[in-house]
Amino acid sequence: GLDEMESVPLAFNHLLSRISVYARTSSDYIYNIAGVRLGGAYNKGDIADLYDTVWSTDAYNSKSIYSMTYDDDIVTVKKNEGSMSLLKELPNLNSYGNSNYMFMIPQTITPWDLENDKTNDKEGAYISVRLQINTADGVRVYPSESDTDGYAWVAVPISEVEWKGGYAYSYYLDFTDGAGYVDPEEEGAGEKVLGDAVIKVIASLPEMNEGVENMVVNPNMIGKWAA
């Protein structure tokens, strides 16, 4: 009967890359964030061998922009209060409920070329946040008081990296020294906002658990997800 059968060990590979985005600051400014974008990434790919997690995007010519806004549940980033997750309540594709990360097709990421392609016609990769910057006294610094929306999209390039299947990548936007550049989808694309900010990228081990495989520091900052 079933009780007499020997157990069969099963090994599962994660086929996708897990992406998280956080923000933090050590400056006196207060950063209110009401949305996040990830641009310049493929949302389709082909895989031939389910055991090596290697994908190909050669058959696909265009990349996507993933966007999430959350006007009713703004993330406030303040001095020395730690890293705040910017991916809020993403519906997960399993029974574990919501998560603060997204799964992406493994691929080689090439950065948005700020110097030669401010409007990003070549679809380089970047992270953007829908941002409002205020002083500690509540005076708005960016965007200007004349901006009726009160928020503006500010972006930074993602350093070139290979997203591997089964790896988790955490992007940390550090606003201590600045706020990046005007989003390539917005008027004034590529213009600097309050100096430079910094992204740190941490890639965990394939089991998506503890441990750090590498860290890359970029000298520039970089509803629902929709592509």
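Computed from a predicted model, the values in this text were never measured in an experiment.
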Do any N or O atoms from the side chain of [X] and from the backbone of [Y] form a donor-acceptor pair under 3.5 angstrom?
X	Y	answer
Y31	K78	no
E123	K63	yes
Y42	P106	no

Quick check: is V36 connected to M84 through a chain of hydrophobic side chains (ILVMFWY, heavy atoms under 4.5 Å apart)? yes

How close do [X] and [Y] get, heavy atom to heavy atom, and via which atoms?
X	Y	result
M102	L87	N-CD1, 4.0 Å
P184	K118	CB-O, 3.5 Å
D117	K122	OD2-N, 2.9 Å
T176	S27	O-CB, 3.5 Å

Worked check of side chain to side chain contact (heavy atoms under 4.5 Å, CB included) between I133 and L194: CA-CA 10 Å; I133 306 173; L194 293 182; 3.3 Å; yes

Partner set under side chain to side chain contact (heavy atoms under 4.5 Å, CB included) for Q132, not counting sequence neighbours: N32, N134, R140, Y151

I need the [X] [atom1] to [Y] [atom2] distance, nearest 0.5 Å.
X	Y	atom1	atom2	result
I65	D183	CD1	CG	7.0 Å
S56	Q107	OG	CD	11.0 Å
I19	I158	CD1	CD1	8.0 Å

All ring-ring contact (aromatic ring centres under 6.0 Å, His included) counterparts of Y22, not counting sequence neighbours: Y172

Candidates W153, W112, Y66 - the one meeting ring-ring contact (aromatic ring centres under 6.0 Å, His included) with Y126: W112

Taken in chain and number order and not counting sequence neighbours, the residues that satisfy side-chain hydrogen bond (donor to acceptor under 3.5 Å, both in side chains) with S26 are N80

Distance to the ring centre below 6.0 angstrom and angle to the axis at most 45 degrees; does that hold for K164 and Y167? yes

Kindly confirm or rule out a cation-pi arrangement of R18 over Y101, judged by NZ or CZ under 6.0 Å from the six-membered ring centre and within 45° of its axis? yes

